[in-house]
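What follows is a set of notes on a single structure, which appears directly below.
First listed ligand is number 1; within each ligand, the first listed atom is number 1.
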Amino acid sequence: MENKEKKTKDSSPMKSLLVLYSYHHHNTEKIAKIIAKVLDAEIKTPQQIKPEELLEYDLLGFGSGIYSAKHHESLLELADELPQVTGREAFLFSTSGMTGDAKAAKDHATLKKKLELKGYILIDEFQCKGFNTNSFLKLFGGMNKGRPNAHDLKNAEDFIKSIKRTQGS
Ligand SMILES: Cc1cc2nc3c(=O)[nH]c(=O)nc-3n(C[C@H](O)[C@H](O)[C@H](O)COP(=O)(O)O)c2cc1C
């Protein structure tokens with residue numbers, strides 16, 4: 001167990017990390033890059049991370065495409081290996097073939113539960129459509145061509161700016 005002191009406006013800058021796995025069309029990577037720019041955050045894959053290392057960060061974002069209605073297996077495995085924390089904040093993001101508030105909540109539920117079990121407070125979540133050529137879809141040119149688009153990226157930027165405003169206050 002460990003304690004977290006919340007950053008104040010006068011303290012050192014908030015240190016953020018995005019844990020990202022994006023392989024299908026690098027859709028989620030596009031979202032991660034916008035988020036990383038706003039937060040001045042590093043981006044690492046689960047494979048590049050030692051679980052204890054995450055304690056160095058004030059804010060964590062976990063993101064991937066949605067594969068079989070969940071975040072990527074490597075994020076789920078990392079969550080299982082994380083040390084127990086108290087009151088640390090994290091957010092989730094993803095891109096997927098189908099979207100909607102209920103769909104996002106369902107897609108994110110597995111990772112959310114694992115992180116909550118480790119003591120993380122999930123402060124917000126973001127999902128948008130991503131180009132999908134999985135399975136038979138490739139025969140028809142795929143679905144969601146061009147997504148994430150400029151509008152999705154703007155929504156991602158607004159999402160993370162709103163989180164940033166709540167940090168350090
Ligand atoms: C193996 C596989 C399984 C997928 N399963 C789902 C799914 O269950 N639900 C969904 O909405 N989209 C699904 N998709 C679509 C992806 O979530 C979508 O294309 C996403 O943007 C991929 O992200 P990435 O390019 O960052 O890997 C699947 C794609 C692949 C390749």
Distance-only N or O hit between ligand 1 and N134, under 3.5 Å: no
Can you see which heavy atom on [X] is nearest to which on [Y], and at what distance?
X	Y	answer
E125	A105	OE1-CA, 4.2 Å
D152	K129	OD2-O, 4.2 Å
K30	L153	O-CD2, 3.9 Å
P148	N27	CG-O, 3.5 Å
A41	L18	CB-CG, 4.3 Å

Nearest to [atom], what protein heavy atom do you find, and at what distance?
atom	answer
atom 27 (O) of ligand 1	Y67 OH, 2.6 Å
atom 19 (O) of ligand 1	F131 O, 2.8 Å
atom 8 (O) of ligand 1	A69 N, 2.8 Å
atom 6 (C) of ligand 1	I66 O, 3.2 Å
atom 12 (N) of ligand 1	G97 N, 3.0 Å
atom 25 (O) of ligand 1	H25 N, 2.7 Å
atom 9 (N) of ligand 1	K103 NZ, 3.8 Å

Contact check, K129 vs ligand 1, heavy-atom distance below 4.0 Å: no
Numbered atoms and elements of ligand 1 in range of H26, under 4.0 angstrom, heavy atoms: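 The list of qualifying atoms is 25 (O).
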Sub-4.0 Å atoms of ligand 1 with respect to non-hydrogen atoms of H24: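 Result: 19 (O), 22 (C), 24 (P), 25 (O), 27 (O), 31 (C).
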Y21, portion touching ligand 1 at heavy-atom distance under 4.0 Å: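 Near ligand 1, Y21 shows nothing, with every heavy atom at 4.0 Å or more.
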Residue part near ligand 1, for S68, under 4.0 Å between non-hydrogen atoms: backbone
Selected option - heavy-atom contact closest to atom 21 (O) of ligand 1, from T95, T28, L137: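 Answer by nearest heavy atom: T95.
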Candidate list F62, F93, F159, test ring-ring contact (aromatic ring centres under 6.0 Å, His included), partner F126, passing option: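 The passing option is F159.
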Distance flag, aromatic centroids of Y67 and Y21, threshold under 6.0 Å: no
Neighbour count above 12 (heavy atom, 6.0 Å) for K103 NZ: yes
Atom NZ of K50: over 12 foreign heavy atoms under 6.0 Å: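 Result for NZ/K50: open.
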